[in-house]
Amino acid sequence: MSRDSSGTAPSEKGAEVGRRIGVGLMYGLWKPRVLGAWRMPATGPAILAVNHSHNIDGPMVMGVAPRPTHFLIKKEAFVGPLDPFLLGIGQVKVDRSGADRTAITQALDVLSAGGVLGIFPEGTRGEGDFAALRAGLAYFAVRSGAPIVPVAVLGSSDRPGRLIKALPPLRSRVDVVFGDPFEAGDGSGRRTRKALDEATERIQKQLSSHLENARRLTGR
């Protein structure tokens with residue numbers, strides 16, 4: 001699995017390099033507290049569904065997750081030197097203006113090879129409360145049969161840093177809480193619009209419940 005921007009599968013080795021860079025950066029700049037990482041399946045395909053309230057949420061999860069993760073990232077982030085870098089560390093570029101077949105194929109390739117796909121199901125950065133989910137998460141989960149692992153990142157958007165306003169205060173605590181894996185489909189394997197709508201509803205309940213538990217657990 002070592003193809004890149006040409007429509008080929010994202011590199012697993014690259015994602016592992018990205019994970020190591022993430023470990024160094026995230027633990028060097030902030031104080032991540034990781035809870036429940038053992039819940040993530042040790043092998044086989046998995047989808048991390050991450051709430052999204054700050055730009056560091058993706059790199060934070062990439063750095064603290066026990067396995068290398070390929071995130072679906074909007075193409076607008078792939079600017080200048082970040083383009084070859086993000087592709088080199090196995091991330092997936094997505095054009096959100098329509099159905100991006102290349103990105104869909106790459107994401108399914110990650111899962112069929114037993115890898116970990118990271119998704120921000122809210123689509124864009126917002127309140128980070130899983131209130132509005134896009135159907136993409138349900139599609140990948142139902143199509144691949146991979147379990148979804150809910151991940152709550154808390155504390156990244158509490159207050160801006162003094163030195164760099166766009167980042168959380170240096171050495172501040174950021175909590176990352178992994179939940180129990182669950183199946184999104186109803187077991188029938190159906191991929192009709194109705195089945196995907198029902199799966200999205202199930203996913204939303206599970207993710208909202210996980211976020212509530214994570215806030216209770218961390219006191220945030």
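- Partners of Pro66 according to the side-chain contact (heavy atoms from CB on, under 4.5 Å) rule, which considers only residues two or more places apart in sequence or in another chain, are Ala37, Met40, Phe178.
- Annotation: salt bridge (charged side-chain N to carboxylate O under 4.0 Å, His left out) contacts of Asp83 (sequence neighbours excluded): Lys93.
- When all heavy atoms are compared, the tightest approach of Val142 to Ala199 is CG2-CB, 3.9 Å.
- The side-chain hydrogen bond (donor to acceptor under 3.5 Å, both in side chains) search around Arg19 returns Glu16, not counting sequence neighbours.
- Applying the salt bridge (charged side-chain N to carboxylate O under 4.0 Å, His left out) criterion to Lys75, with sequence neighbours excluded, gives Asp95.
- Between Thr200 and Leu137 there is no side-chain heavy-atom pair separated by less than 4.5 Å.
- The side-chain hydrogen bond (donor to acceptor under 3.5 Å, both in side chains) test applied to Glu198 returns Lys194, not counting sequence neighbours.
- With sequence neighbours excluded, the residues that form a ring pair (Phe, Tyr, Trp, His ring centres under 6.0 Å) with Phe71 are Phe120.
- Separating the CG atom in Leu211 from the CG atom in Leu154 is a distance of 6.0 Å, to the nearest 0.5 Å.
- Scanning both residues, Glu183 and Pro147, for their nearest heavy atoms gives OE2-CB, 4.0 Å.
- Cluster partners of Trp38: none. The rule joins Ile, Leu, Val, Met, Phe, Trp and Tyr whenever side-chain heavy atoms lie under 4.5 Å apart, and it links nothing here.
- By the neighbour-count criterion of 12 heavy atoms within 6.0 Å, atom CZ of Arg20 is sparsely surrounded, having that number or fewer from other residues, nucleotides or ligands.
- Arg33 approaches Asp175 most closely through the heavy-atom pair NE-OD1, 2.8 Å.
- Going from atom CZ of Arg202 over to atom CZ of Phe182 covers 9.5 Å, rounded to the nearest 0.5 Å.
- Qualifying side-chain hydrogen bond (donor to acceptor under 3.5 Å, both in side chains) partners for Arg216, counting only residues two or more places apart in sequence or in other chains: Glu212, Asn213.
- Taking CZ from Arg171 and OH from Tyr27, the interatomic distance works out to 11.0 Å, rounded to the nearest 0.5 Å.
- Here the closest non-hydrogen pair linking Val92 and Gln106 is CG1-OE1, 3.4 Å.
- Counting side-chain heavy-atom gaps under 4.5 Å among Ile, Leu, Val, Met, Phe, Trp and Tyr, the cluster of Val177 also holds Leu35, Leu217.
- Within the 4.5 Å cutoff, no side-chain heavy atoms of Pro150 are placed close to those of Gln206.
- Remark: Asp100 engages no residue in a salt bridge (charged side-chain N to carboxylate O under 4.0 Å, His left out) (not counting sequence neighbours).
- In terms of modelled atom types and a separation under 3.5 Å, the side chain of Trp30 and the main chain of Leu25 share no donor-acceptor contact.
- With contacts defined as side-chain heavy-atom distances shorter than 4.5 Å, the pair Met26/Met62 does not qualify.
- A search for side-chain hydrogen bond (donor to acceptor under 3.5 Å, both in side chains) contacts involving Asp180 returns Arg39, not counting sequence neighbours.
- No donor-acceptor pair under 3.5 Å is formed between the side chain of Arg220 and the backbone N or O of Arg215.
- Atoms CD1 and CD1, on Ile119 and Ile203 in that order, are 9.0 Å from each other to the nearest 0.5 Å.
- Once rounded to the nearest 0.5 Å, the distance linking CZ of Phe140 with CD1 of Ile148 reads 11.5 Å.
- Closest approach of Pro10 to His70, counting heavy atoms only: CB-ND1, 3.6 Å.
- Residue Leu117 comes nearest to Val110 through the heavy atom pair N-CG1, 4.2 Å, listed as atom of the first residue, atom of the second, then distance.
- The environment of Arg101 atom CZ is sparse: at most 12 non-hydrogen atoms of other residues, nucleotides or ligands sit within 6.0 angstrom.
- Leu48 contributes atom CG, which lies 5.0 Å from atom OG1 of Thr69 (distance to the nearest 0.5 angstrom).
- For Arg143, there are no salt bridge (charged side-chain N to carboxylate O under 4.0 Å, His left out) partners two or more places apart in sequence or in a different chain.
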